[in-house]
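A quick write-up on the structure given underneath.
When a ligand or atom number is given, it counts from 1 through the structure's own listing order.
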Amino acid sequence: MTTRFDAAIVGAGPAGAAAAILLARAGWSVALIERQAFPRRKVCGECIASSNLALLDALGIGARIDARAGADLRRVALMRGAETIVAALPAGIDPHRWGRAIGREHLDTWLADAAEEAGAVRWQPASLESIAGRAGDFVLTVRSLSGEGVGAELRAGLVVAAHGSWQPLPAERQAQRATRAPSDLFAFKANFRGAALAADLLPVLAFPGGYGGMVVADDGIATLAGCIRDDRLQALRGAEPGGRAGDVFEAMLRRECRGVASALDGAAREGAWLASGPLRPGIRLGRRRVDEGGVFRIGNAAGEAHPIVGEGISMALQSAFIVAALLGPERAQLVGSASATAAQRRALAAYEAIWRRRFTRRLRVAAAFAHVAMRPALARVAWPLARRWPGVLTVGARLGDKTRCAPEAARLAGQTA
Ligand SMILES: Cc1cc2nc3c(=O)[nH]c(=O)nc-3n(C[C@H](O)[C@H](O)[C@H](O)COP(=O)(O)OP(=O)(O)OC[C@H]3O[C@@H](n4cnc5c(N)ncnc54)[C@H](O)[C@@H]3O)c2cc1C
């Protein structure tokens with residue numbers, strides 16, 4: 001197998017696979033490194049905002065999404081305690097006016113397959129262990145996770161980090177363990193068959209110490225996903241010794257949120273509860289430790305919005321398109337020339353400036369919603385307002401950029417922004 005590439009992309013979630021497709025189409029030789037075998041389920045609410053469906057068309061999987069995903073999501077509901085408030089979701093631009101939901105076992109598999117079809121070489125299941133070298137000539141150590149787990153060295157002119165945010169790279173693990181905090185969020189997701197949930201409704205759940213969401217995705221299967229602070233989770237587990245974290249989370253939701261109890265009454269869970277974390281939403285750009293030279297971070301590896309707004313897949317896809325729009329045409333300068341380091345440094349600065357311009361507001365809006373949902377004192381103030389003017393939910397969704405695609409991404413996808 002070739003072991004020298006123009007670009008190595010670490011992680012084949014929506015960010016990494018999209019970048020792999022776009023760079024391979026632009027004539028780059030691409031290695032796509034993914035530690036998990038696909039298809040795999042993943043903790044996620046699985047809603048794709050309308051503004052991204054055109055990007056998925058451009059990546060070549062639009063028809064499959066259209067055929068398989070859940071119904072158009074036209075309404076949002078806020079569920080807290082015994083109450084539910086419903087409002088319209090803002091419409092996007094034709095032909096994709098409404099968001100849809102699709103299981104990550106499908107979305108991620110289709111995208112990674114499309115990357116391979118575009119010419120990317122998949123290293124999967126294989127884990128990136130370390131990055132050394134410098135821009136123009138990075139050396140990556142990759143450990144195969146099938147069979148004997150043999151290690152291999154791979155060289156790449158440029159590295160795109162798309163490894164998400166919940167599994168730090170080996171060099172960062174120690175630091176993450178050392179900084180556990182009560183406010184760390186742990187995330188859970190399960191699927192249910194036979195849930196009593198309207199197909200066009202996107203309920204957002206608020207409860208002390210956390211938030212979540214429900215939706216009907218492909219094949220009529222409902223996804224229930226949410227985040228809970230570590231201190232609240234520990235308190236719940238303390239009250240139910242021996243209980244599995246996912247079951248404790250589900251029991252709390254059924255107890256504390258009538259909307260969840262009604263939706264799941266008579267429904268059957270399919271598969272186990274999945275868990276991940278800790279989550280620490282925020283911006284991760286500019287961290288150089290791993291590479292000492294510059295790595296292009298996209299998706300959650302660049303920055304993570306509180307998932308209450310369900311914008312993570314959007315930011316993953318859109319940041320991949322932005323990186324590809326900037327890097328794609330410049331392959332000769334970025335990886336083949338004597339001045340690759342300087343060229344990459346300039347491109348990285350340009351990319352990170354665009355990233356901040358396009359996504360910082362989403363992170364702030366998401367953080368504001370998350371804190372209102374999680375903190376009873378704030379929720380008590382905000383709730384009467386939402387009850388009286390449900391339209392604030394529609395405005396909130398618009399403020400969270402649910403209908404707006406980064407123009408750089410839209411242009412590369414052949415759309416008008
Ligand atoms: C509870 C919850 C609900 C959510 N709901 C929604 C929603 O409804 N809509 C939405 O848009 N977003 C939602 N999100 C956010 C969304 O799931 C993420 O933002 C999105 O998955 C980020 O995509 P990514 O490609 O950046 O990273 P990921 O999807 O995390 O992919 C990263 C990949 O990198 C791989 N990897 C990691 N380390 C290595 C390594 N060392 N070597 C090789 N591979 C590696 C991983 O296995 C993984 O496949 C939700 C998140 C949570 C927690």
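The number of heavy atoms from other shown groups lying within 6.0 Å of CZ (Arg255) is above 12.
Using modelled atom types, one finds a donor on one side chain and an acceptor on the other under 3.5 Å when comparing Glu250 with Trp273. Between the side chains of His96 and Asp57, at least one donor-acceptor pair of N or O atoms lies under 3.5 Å.
Counting only distance, with no hydrogens or angles, the side chain of Glu270 and the backbone of Arg193 share no donor-acceptor pair below 3.5 Å. One N or O on the side chain of Arg237 and one on the backbone of Gly243 form a donor-acceptor pair closer than 3.5 Å.
Nearest-residue assignment for atom 3 (C) of ligand 1 (options Gly45, Cys227, Ala12, Pro281; heavy-atom criterion): Gly45. The residue among Asn300, Leu317, Leu111 with a heavy atom at the shortest distance from atom 19 (O) of ligand 1 is Asn300. Of the candidates Ala18, Cys44, Ser276, Ala187, Cys44 brings a heavy atom nearest to atom 16 (C) of ligand 1.
Inter-residue side-chain proximity for Ser319 and Phe359 is flagged as met; some heavy-atom pair is nearer than 4.5 Å.
Heavy atoms of Ile48 found under 4.0 angstrom from ligand 1: none, in either backbone or side chain. Only the side chain of Ala316 comes within 4.0 Å of ligand 1, counting heavy atoms alone; its backbone N, CA, C and O stay farther away. The proximity of Pro14 to ligand 1, defined as any non-hydrogen pair under 4.0 Å, involves the side chain as well as the backbone. Using a 4.0 Å cut-off between heavy atoms, Arg40 contacts ligand 1 through its side chain alone, with no backbone atom that close. Of all the heavy atoms of Ala49, none lies under 4.0 Å from any atom of ligand 1, so neither backbone nor side chain is involved. Heavy atoms of Arg104 found under 4.0 angstrom from ligand 1 belong exclusively to the side chain.
Here is the list of ligand 1 atoms found below 4.0 Å of a heavy atom in Leu279: 53 (C).
Ligand 1 is never approached by Glu129 to a heavy-atom distance shorter than 4.0 Å. A heavy-atom separation below 4.0 Å is found between Ala126 and ligand 1.
The nearest pair of heavy atoms linking Leu145 to Ser127 is CD1-CB, 3.9 Å.
For Ser51, the side-chain contact (heavy atoms from CB on, under 4.5 Å) partners at least two apart in sequence or on another chain are Ala49, Gln318, Cys405.
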